[in-house]
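Encoded as structure tokens, the structure appears first; notes follow it.
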Amino acid sequence: MANHEEQFKKLVSHAKEYGFIFPSSEIYDGLAAVYDYGEYGSELKKNIRDYWWKSMVQMHENIVGIDSSIFMHPTIWKASGHVDAFNDPMIDNKDSKKRYRADVLIEDYCAKIEAKIDKEVEKAAKRFGEAFDKQQFITTNPRVLEYTQKIADITHRMNHDLEVNDLADLKKLVEELEIACPISGTKNWTDIRQFNLMFDTKIGSVSDEANTIYLRPETAQGIFVNFLNVQKTGRMKIPFGIAQTGKAFRNEIVARQFVFRMREFEQMEMQFFCAPGTEMEWFRYWKEERMKWHLSLGMQPENYRFHDHEKLAHYANAATDIEFNFMFGFKELEGIHSRTDYDLSRHQEFSGKKLQYFDSERNESYVPYVVETSIGLDRMVLAVLSHAFCEEKLEDGTERVVMRIPAKIAPYKVAVLPLVKKDGMPEKAREILEMLQPLYMCQYEEKDTIGRRYRRQDAIGTPFCVTVDSDTLTGNTVTVRHRDSMEQERVSVDRLAAYIAEKMK
């Protein structure tokens, strides 16, 4: 665990040093849980967003995109349940004066038990060698079974307490597990109380209650209130989806783990409208489709798992998370929820406007059911960076830090490098750069030795380095160096663009 923490600190430091992610307002000592994306981070973020949009909108003829406003009529948040029920259970330690989410404290406790299971598996794997059957071991070993059951019991009780809002029993659970404050080390806790996560502000010139509006805590409601607008203007037939990406805001008290949980973040959401009774079929479909999308990036299947919800939100009849194995363990990356007709029915009730669809095949009008896919873009950036960050010892005894970012979403695809800064090489390199720029994000570098320039491109995750040397000037070929293997190939300048396109697949 300590090793993972060390690695995570190194990743955060690397992200800042190499222009991926900076603490916001840093020259004013920063603002907690708010971050700015630098020149490479913003490119990576854009590439992930575009990759999602292409797979969701461009590749589906029955899904369209919108961009709804951040400010919305305050009654929308009453209808959605956010005004009354968008809360986190908070608990304070009386000695450190620090505030925590009670459910996160309990989840962290369970993560420590999971770490014990991992240790048992590691020990057994060493003992049995190649004959080791992990699946059999975790389903039969008494100690592992005891740990697994303990996690299940704790999680079940916590979920029940949260569902019925039994905050007294939730506090009792924290006390029974003897959870201590990470800062003071004491177990001197206050009672747990609910804390609403929405940011509010005033609109207009008069600062009174009637003018209170909220910064949206999610992008989904902007889709629901535009359901009929899109359906009619796009002449959409059910089943169809509406996608959008954009900023959302939550006043997280316990914002932590870098860009994993922030106060200002970006979501990529798609709401899929379908006929009542077909929602479970579509829930299964989107569950499979979304996992395929993640795996298409090539970040190994063992880094992902489904986590079906035991405790369902008041609007859902099925829910699952796609969890990713971050440096701090498996955590939620994307949610797939069957939301029934809750959202449209509530907006119909609160607005007094009909939000129904006439189904000519069924010859009836109904409020559609909805299956949602919702992924945090910042979390996706963190998943990619966590997976990509690699410290390598090379055969010659030197070391390098390489970001193995999947080529299709890497911030810069190609670096064009003249071997030396003379003999017409920079001029030829710039010609090649101009040829590639319309196709790819490219960098040009001529300062430092070629080895140092390679290391710098490794550190920002550039998949291909194109080196121009004396042979380029005579034979019109370049050396293409591959980031991950460091292998080099001689390629004709005429087929360079096609070669890179082929390797990007």
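When a residue number appears, it is its place in the shown sequence, counting from 1. Values in this document were obtained by computation on a predicted structure and should not be read as measured data.
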Item to check | Intermediate values then yes/no, side chain to side chain contact (heavy atoms under 4.5 Å, CB included), Leu496 and Val414 | outcome: CA-CA 11 Å; Leu496 181 58; Val414 185; over 6 Å; no
For residues 349-358, run the donor-acceptor check on the side chains, cut-off 3.5 Å, and write out each pair with its distance to 0.1 Å, sequence neighbours left out.
residue: Ser351; atom: OG; partner: His347; partner atom: O; Å: 2.5
residue: Ser351; atom: OG; partner: Lys353; partner atom: N; Å: 3.1
residue: Tyr357; atom: OH; partner: Ile238; partner atom: N; Å: 3.1

Item to check | Any donor-acceptor N or O pair under 3.5 Å, side chains Tyr366, Asp341 | outcome: no
Checklist outcome for this item: Nearest heavy-atom approach of Ile336 to Phe283 is O-CE1, 3.3 Å
Checklist entry - So, do Thr278 and Pro239 sit near enough that their side-chain heavy atoms are less than 4.5 Å apart? => result no
Next on the checklist: What I want to check is whether the side chains of Lys202 and Thr212 have a donor and an acceptor closer together than 3.5 Å.
Outcome noted: yes
Next on the checklist: Check whether Phe326 forms a cation-pi arrangement with Lys331 (NZ or CZ under 6.0 Å from the six-membered ring centre, at most 45° off the ring normal).
Outcome noted: no
Next on the checklist: To the closest 0.5 Å, what do you measure between CG (Asn251) and CZ (Phe199)?
Outcome noted: 4.0 Å
Checklist entry - Quick one: are the ring centres of Phe464 and Tyr440 less than 6.0 Å apart? => result no
Next on the checklist: Are the side chains of Ile21 and Leu382 in contact, using a 4.5 Å heavy-atom criterion?
Outcome noted: no
Item to check | Nearest heavy-atom neighbours spanning Ile405 and Ala410 | outcome: CG2-CA, 3.7 Å
Item to check | Pair Lys292 + Glu289, salt bridge at N-O below 4.0 Å | outcome: yes
Checklist entry - Can you find a heavy atom in the side chain of Arg379 that is under 4.5 Å from one in the side chain of Arg261? => result yes
Next on the checklist: Looking at every heavy atom in both Phe258 and Ala15, which two are closest together, and how far apart are they?
Outcome noted: CZ-CB, 4.0 Å
Checklist entry - Going by heavy atoms in the side chains, are Phe224 and Ile242 under 4.5 Å from each other? => result no
Checklist entry - Is a side-chain donor-acceptor pair under 3.5 Å present for Asp343 with Gln271? => result no
Item to check | Shortest non-hydrogen contact from Pro23 toward Tyr35 | outcome: CA-CD2, 3.9 Å
Checklist entry - Under 3.5 Å, is there a donor-acceptor pair linking the side chains of Glu269 and Thr219? => result yes
Next on the checklist: Does the plane of the ring in Tyr40 sit parallel, tilted or perpendicular to the ring in Tyr412? Use 30° and 60° as the thresholds.
Outcome noted: perpendicular
Next on the checklist: Parallel, tilted or perpendicular, judged at 30° and 60°: which one describes the rings of Phe227 and Phe273?
Outcome noted: tilted
Next on the checklist: Between His387 and Phe324, is there a side-chain heavy-atom distance shorter than 4.5 Å?
Outcome noted: yes
Checklist entry - At their closest point, which heavy atom of Ala220 faces which heavy atom of Arg339, and how far apart are they? => result CB-NH1, 4.3 Å
Checklist entry - Between Asp108 and Lys112, does at least one N-O distance fall below 4.0 Å, as a salt bridge requires? => result no
Checklist entry - For Tyr444, is the NZ or CZ atom of Arg430 found under 6.0 angstrom from the centre of its six-membered ring and inside 45 degrees of the ring axis? => result yes
Checklist entry - Atom CD of Gln267 and atom OG of Ser374: how far apart are they, to the nearest 0.5 Å? => result 4.5 Å
Item to check | Rounded distance [0.5 Å steps], CD in Gln149 versus CD1 in Ile113 | outcome: 11.5 Å
Item to check | Full working for side chain to side chain contact (heavy atoms under 4.5 Å, CB included) between His73 and Val225 | outcome: CA-CA 10 Å; His73 195 287; Val225 298; over 6 Å; no
Checklist entry - Asp88 and Arg99: salt bridge (charged side-chain N to carboxylate O under 4.0 Å, His left out), yes or no, with the steps? => result CA-CA 12 Å; Asp88 272 348; Arg99 182 168 288 174; over 6 Å; no
Checklist entry - Stepwise, does the side chain to side chain contact (heavy atoms under 4.5 Å, CB included) test hold for His309 with Asp321? => result CA-CA 8 Å; His309 285 214; Asp321 292 334; 2.9 Å; yes
Checklist entry - Is it true that the side chains of Thr373 and Trp286 contain a donor and an acceptor less than 3.5 Å apart? => result no
Checklist entry - According to the interplanar angle, ranging from 0 to 90°, do the rings of Tyr51 and Trp293 count as parallel (below 30°), tilted (30 to 60°) or perpendicular (above 60°)? => result tilted
Checklist entry - Do Thr462 and Gln443 have side-chain N/O donor and acceptor atoms under 3.5 Å apart? => result no
Next on the checklist: Assess the residue pair Asp378 and Lys45 against the criterion (salt bridge (charged side-chain N to carboxylate O under 4.0 Å, His left out)); give the C-alpha distance rounded to whole Å, side-chain angles, the decisive distance to 0.1 Å, and a yes or no.
Outcome noted: CA-CA 8 Å; Asp378 305 274; Lys45 197 177 184 187; 3.6 Å; yes
Checklist entry - When rounded to the nearest 0.5 angstrom, what distance separates CD in Gln194 from CG in Leu167? => result 5.0 Å
Checklist entry - CG of Leu228 to OG1 of Thr233: how many Å apart, nearest 0.5 Å? => result 10.0 Å
Checklist entry - Any idea which heavy atoms bring Trp282 and Val371 closest together, and the distance? => result CB-CG2, 4.1 Å
Checklist entry - Any side-chain donor paired with an acceptor under 3.5 Å for His482 and Glu487? => result no
Checklist entry - Are any of the side-chain heavy atoms of Val381 and Phe20 separated by less than 4.5 Å? => result no
Checklist outcome for this item: From the list Lys247, Arg49, Arg216, salt bridge (charged side-chain N to carboxylate O under 4.0 Å, His left out) with Glu266 holds only for Arg49
Next on the checklist: For Thr245 and Leu377: C-alpha separation, side-chain torsions, deciding distance, then whether side chain to side chain contact (heavy atoms under 4.5 Å, CB included) applies.
Outcome noted: CA-CA 9 Å; Thr245 70; Leu377 177 50; 5.9 Å; no
Next on the checklist: Pair Arg157, Asp153 - check salt bridge (charged side-chain N to carboxylate O under 4.0 Å, His left out), show working.
Outcome noted: CA-CA 6 Å; Arg157 183 169 161 191; Asp153 291 345; over 6 Å; no
Checklist entry - At what distance, to the nearest 0.5 angstrom, does CD of Glu107 lie from CG of Asp103? => result 5.5 Å
Next on the checklist: Does any part of the side chain of Lys413, heavy atoms only, come nearer than 4.5 Å to the side chain of Asn47, both counted from C-beta?
Outcome noted: yes
Checklist entry - Is any side-chain heavy atom of Glu218 less than 4.5 Å from a side-chain heavy atom of His82? => result yes
Checklist entry - Among side-chain atoms of Glu334 and His294, is any donor-acceptor pair under 3.5 angstrom? => result yes
